[in-house]
Amino acid sequence: MKITWKEYQKDIADDHYYYARSCIRQNFFPGSEAAFLHILGNDLGRDVLDDARHTSCTGIGYHSDIVPLDTIMTVVARQFSLMTEAGYENFVSSCITSFGIYSEALEMWHDFPEQEEKAHEYLYKATGREFKKPKNLAHTSDVMFHHRHQIAAQAKHKLINAQTGEPLKVVDHIGCHYAKIFPKVGVGGSEFPYVLSGMVEAWGGECIDYPERRHCCGFGFRNYLVQANRGCPVANSKKKLESMAPYKPDFIVANCPGCTMFLDRWQYAISEMEGTLYGQDGHGIPVLTYEEMAGLVLGYDPWDLGLQLHQVAVEPLLDKMGIEYDPGAKYLGKNGKFIGKPEDSIIGCYTK
Amino acid sequence: MEHFRLFVLPFYAGAFFLLITLLCKYIYWFIGLSREQKRLFWRSLPTRATWKSVVEIFNESLLHRKIWRTNPLLGYMHTSFALGWFLLISVGWLETFVYFKGESVPLYVDIFFSYYVHPIFERNFNFSLIKDALLLLILVGVVLALFKRLYSRIMGMKRTTKHMLGDRVALTALWLIFPARLLAESLTSAEVWRFGGYVWTLSENTQLIPPGIGCGSFLTGSLGQWLADFLPARIIEAQHVELTAWWIYSIALGVFFVALPFSRYMHIFTEIPLIFLRNAGLRAAEKESSFDHFQVDACSRCGICIDPCQLQSGAGIQGVQSVYFLRDRRYGRLTDAVADNCLMCGRCQQACPVGIEQNTLRLNSRVKRAYPDSPNRYAYIQGKDLSTGEGKVGYFAGCMTLLTPKILRAMEQIFTAAGEEVWWADKNGGVCCGRPLKLSGEVDAARKMMDFNKNLFRQHGITTLVTSCPICLKVFKEDYALEGIEVLHHSEYLQRLLAEGRLKLRSGSETFTYHDPCELGRGSGIYEAPREVIAALGVLKEPAETREHALCCGSSLANTAIDDEGQRRIGEQVAMALAATGADSIVTACPLCKKGIAREATLPVYDLAEIVARAL
Amino acid sequence: MTTWGYSISRPRSIDIDRNDMSYSQELLREYPELQTCIACGNCTATCTAANLTSFSLRKVHTLVRRGEYQGMAEELEKCMLCGKCRLACPRGINTRQIVLTLKKHLVNRSR
Amino acid sequence: MTGRVIIIGGGVAGMQTAITLDELGFKPVIIEKEASLGGKLCRWDRLFPTMTPAQEVLGDLLKRVEKTASEVRTSTTVSEIEEQGRGVTLSDGSRLDAEAVVVASGFDIFPAERKEEYGYGLYDNVYTTVDVERMFREGGVRMADGREPKTVAFLHCVGSRDEKVNQRHCSRVCCITGVKQAIEVKQQIPGAEIFSFYMDMRMFGPGYEELYRQAQQQYNIHFVRGRISEASPTIDHRIHIKAEDTLIGRPLRMSVDMLILAVGMQAGSSNVAFGRNNNIDLYPSGFLRPLNQFSGNVRSSSPRLFYAGTVTAPKNIGESINEGIAAAYQVAQTLNAAKS
């Protein structure tokens with residue numbers, strides 16, 4: 001029996017990963033997935049396969065009661081068959097929802113082998129493929145957590161306020177589907193998730209345990225998808241933001257696509273609707289993915305990491321960390337062309 | 001103007017101020033009356049109402065008959081001041097008239113007659129004797145008033161009112177007027193005793209008064225003689241001593257007149273227009289009106305209303321009684337704490353010598369203070385009909401009766417025994433009659449309940465409406481306008497059943513005492529019906545205070561401010577008074593009274609219906 | 001202020017830290033008896049208005065005591081002031097006065 | 001020295017006082033207003049929380065009293081206790097002197113008629129917990145027409161914690177009595193549905209909470225948090241009750257075959273007369289106030305006047321018996337000290 005949260009550790013493969021992308025992240029934080037592949041491949045010298053053939057896990061559809069169980073099980077089986085075919089055994093998912101879906105499938109097939117039989121049968125009937133279950137299933141944040149000390153060794157910047165030398169105050173947010181559904185698959189279990197705070201600590205920052213740390217960001221699929229119901233998701237994020245604000249955090253780090261997006265976007269929405277700002281000096285609280293955090297630590301250019309796509313301006317954070325950046329290049333794409341600039345927002349999530 | 005003296009000025013100033021102030025107030029208030037009220041007044045003038053008013057003014061404003069009836073000592077005090085002073089003035093006028101043979105003289109000669117004319121009683125009709133007698137009458141009143149201030153209990157009043165600044169000034173001046181007059185007249189007389197004087201006449205031949213005769217009569221004359229003997233000659237000789245006394249008298253009069261409109265003594269004059277208006281048929285209503293000013297200012301703050309108030313005697317609550325309520329309302333400093341803290345039992349109204357409509361004034365103050373009603377309020381009652389049964393007779397239990405199921409059960413048995421087909425309006429709960437809301441000042445909201453219930457009664461086609469709750473009864477009778485439907489309290493209904501022989505009761509020797517519910521007795525004037533019903537069952541033993549003077553059970557819905565302990569203590573007071581009759585049990589005819597009394601009663605408490613049902 | 005077809009939902013929780021307790025405290029200073037409520041529900045059970053609608057005095061005054069004032073004045077409008085609750089209250093609370101006072105104060109508050 | 005000690009009241013506390021005093025060498029005289037000893041226990045069937053037959057406890061006490069040299073005067077009431085506890089005046093006017101007096105006159109059962117809204121004595125099928133004990137002794141719970149009830153509602157706190165009948169105190173034992181009877185009804189009629197309307201469940205004694213749990217779990221008694229406000233008869237002589245389910249916050253209405261009122265303890269009616277003695281002090285509730293609630297529970301301000309049992313406050317049987325023993329020892333201490 002696991003007695004303390006420290007025992008909720010998991011085996012994370014060290015190399016040879018089959019990579020499954022996230023629908024949301026590809027659209028909202030495309031720089032993050034690129035950074036992950038770059039860090040693992042170039043900085044750490046690991047083997048990651050980014051397979052163009054894999055698809056969405058259909059998790060959003062599943063959680064919105066649109067995709068039935070048999071369908072999603074077959075989609076999962078197909079992802080696994082692609083991994084099997086490519087000769088990989090370690091499956092890493094960039095998305096928390098997907099990670100939850102894969103964990104659920106594996107757990108279900110363990111408890112109900114006849115369902116696994118069905119999955120084999122459906123997959124074979126539909127595509128003629130076979131699959132093997134992965135030997136190791138991890139989320140990309142797990143992989144990053146696994147390599148945190150190597151990254152720390154190569155760090156160009158620490159999570160430290162360059163002016164004062166104080167560690168930056170970081171609040172983390174773990175996706176619900178990462179550890180709340182199957183606590184044993186999360187580092188530190190559901191109550192004391194350590195996956196992000198482990199990285200923060202390793203890279204010189206200070207992780208803050210704020211009261212609503214474990215509260216859901218409010219995404220909740222069905223709630224969000226209907227516009228009229230969005231009052232509930234935003235209220236949840238608001239509750240978290242209100243709870244963390246008194247600690248004056250320097251930034252938020254999250255490992256879930258939806259959470260990162262909402263904690264960032266809702267700050268804008270709340271500022272427009274109620275005029276409230278949760279950060280310091282008339283700013284919002286910047287929200288980073290763990291890859292973006294790692295990228296900044298490793299000295300990547302902030303605009304290469306895609307930080308210009310965040311609604312809450314990150315410049316105050318960059319200034320604090322002493323990272324040099326070209327303000328003029330913020331809205332230039334990879335090809336150097338102007339990608340367009342959002343309208344100024346009333347209370348300076350974008351500085352006017 | 002050779003006789004003019006400066007000391008008459010304070011009197012003039014005061015009298016003028018008073019006259020103007022009173023005229024302004026009365027005219028302003030009269031203009032504020034509604035067209036209908038004014039019409040009533042003008043129409044009443046050539047009728048018997050005017051004669052009635054004159055008689056009433058004589059009886060109440062001068063003689064104070066009602067106060068005599070409540071308390072002879074207080075009555076004497078009031079009569080001495082009012083009638084005494086009135087006669088003093090009238091006799092003064094007459095004397096002046098006779099003395100100057102109808103020639104016009106300045107007013108100050110009239111007012112300060114003794115100073116100007118040294119009346120010697122041998123030469124005239126003996127006005128001095130009458131005036132001295134009247135002065136004595138008033139002075140005894142002053143002594144009594146002083147005595148009452150110090151020892152009100154001995155005067156038969158447990159509590160009197162506290163004074164306000166205006167009252168204090170006016171009172172001090174009032175008490176000073178007559179001793180000052182006594183002193184001034186006596187000093188004048190003393191001077192005449194000692195040195196003689198002139199009798200002032202209009203003709204050339206002045207009349208000399210030799211020393212040793214004096215002027216005035218048994219009081220001022222005797223006192224003058226005594227002063228003349230007692231005081232050193234130079235004091236009497238010095239004109240300013242006598243003048244000072246007259247100055248004091250004049251100042252006292254002036255100050256009293258100026259303070260009067262700001263003090264309780266406003267009642268002296270206000271009672272007169274009030275009596276006329278009241279006899280013309282004007283009444284206070286549930287909304288405040290200009291007529292209320294006449295009533296509010298007619299309160300003399302005599303404090304007679306304090307002793308009957310059970311909030312004071314039973315629950316020890318002070319400062320909320322009618323006298324304080326009217327005072328606060330008059331000076332615009334009424335608070336909810338005072339306006340709401342009243343059982344509206346009507347005992348004070350019963351005792352009020354001025355006949356002020358205490359309950360209605362209290363109610364319209366609450367109406368004014370209630371916050372405005374929203375239009376959609378009580379939309380939920382629409383179409384809710386929880387009534388059962390069918391019949392020409394409707395029975396409305398009322399909210400409270402649902403908590404006293406014995407009454408409900410008894411009524412069922414009685415209806416069955418009398419063979420009556422009954423429509424039960426609210427046996428399974430219904431909509432409140434609206435009286436509690438009205439009593440809290442929310443008359444517009446109450447109207448919604450009334451309209452609802454009225455419609456319900458009409459829909460079910462009843463011709464008689466029986467209720468066992470006097471609270472409901474009162475509002476049905478006063479506010480529902482149920483033409484074609486006879487509204488009966490169950491005591492009246494039972495009385496009728498007995499009279500018609502539709503109920504046969506076993507009579508016994510059991511003794512009952514009866515508690516008059518306020519809303520039934522003083523509120524609706526129903527005293528005989530319950531007593532007749534009780535008489536058909538056993539022996540009735542009346543408590544010490546009964547009928548119009550009956551105590552209140554303390555649970556009245558009209559009082560929203562009183563706390564539970566206060567209600568309990570008043571209930572205890574009533575229960576003890578009823579138990580003192582030595583009866584076997586207590587009977588009442590109101591569910592609220594039943595609950596309120598039973599709480600502390602040592603005897604069993606029944607509703608009238610229960611004892612009737614038991615004897616079927 | 002901008003809206004996008006939705007508003008931020010109010011939290012369901014009663015947040016004593018955030019609620020303005022000043023009126024609640026004032027009320028309890030005036031009517032300390034309100035704290036003696038044992039929440040037996042007798043007032044609501046016997047209520048003439050609650051027989052026809054969803055009014056519950058117990059709920060209303062408890063919410064007010066916790067600093068939740070919104071919508072309470074409107075809720076109190078349902079009361080018919082008949083006084084049955086006062087007669088039934090085992091704690092001797094002057095329920096009618098509570099209704100009147102709350103209504104008066106809360107209406108003034110929202111103005 | 002006569003060694004005579006007068007004990008007012010022959011209930012459990014009084015009997016135990018007599019037994020112990022006898023053991024200690026005194027001559028107890030029990031004055032009982034009823035025709036026989038036993039007090040309220042005579043009316044009970046089984047006792048909470050062990051379901052021990054009341055007869056067992058009562059029979060044992062009676063047997064032990066019989067073995068003593070105690071004088072028992074039944075159908076006798078005391079009208080006055082002398083100031084210093086040196087005797088009492090009986091209702092026939094005669095005087096009985098003593099070395100000490102122990103007041104063990106107990107409590108009165110709250111008359112449920114006073115809560116008129118529940119219709120006790122007015123409707124068929126409204127009973128009190130006292131009536132139910134009688135029914136159990138007579139063979140089981142039956143409705144007025146002799147049938148077994150299918151649905152039964154218990155209402156707690158009738159005549160306890162109620163300002164409107166001037167009973168502000170908690171009677172303590174009615175909670176557990178209600179639970180015990182609910183179980184007993186269920187044992188007798190396994191098919192019956194039982195609803196228990198409560199405000200607080202005060203399970204203060206050993207085994208009480210366990211019995212409460214058993215009632216919930218094993219006997220499936222439904223506990224509804226809310227006070228019944230009024231009862232009315234239905235057309236078929238059942239009882240319609242109204243309450244608020246306060247945990248849900250909605251009014252609740254239901255019809256039951258039988259409504260049982262868990263009546264509380266009120267101060268004994270004789271306490272007022274006893275209170276005329278200057279050494280006897282009354283609580284506002286009417287119970288007698290002992291010298292000290294902590295260290296002088298059985299003493300009064302007179303050294304020869306003692307209290308035992310529910311005359312001072314609601315208590316269960318065990319507590320009352322203990323107080324009987326305590327009072328007897330305190331009497332002995334005082335009288336022995338006076339002797340030497």
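- C:Tyr6 approaches A:Gly231 most closely through the heavy-atom pair CD1-N, 3.9 Å.
- If you measure heavy-atom distances from C:Arg18 to chain A, the contacts under 4.5 Å come from the side chain alone.
- Closest non-hydrogen pair, A:Cys232 versus C:Ser9, comes out as N-OG, 3.0 Å.
- Of the inter-residue distances, the one linking C:Ile8 atom CD1 with A:Asn236 atom CG reads 11.5 Å to the nearest 0.5 angstrom.
- Atom CD of C:Glu26 has more than 12 heavy atoms from other residues, nucleotides or ligands within 6.0 Å.
- Contact annotation for residues 251-265 of chain A against chain C (heavy-atom separation below 4.5 Å): no residues qualify.
- Qualifying side chain to side chain contact (heavy atoms under 4.5 Å, CB included) partners for A:Glu206, counting only residues two or more places apart in sequence or in other chains: A:Pro167, A:Lys169.
- With hydrogens and angles disregarded, a donor-acceptor distance shorter than 3.5 Å links the side chain of A:Gln227 to the backbone of C:Trp4.
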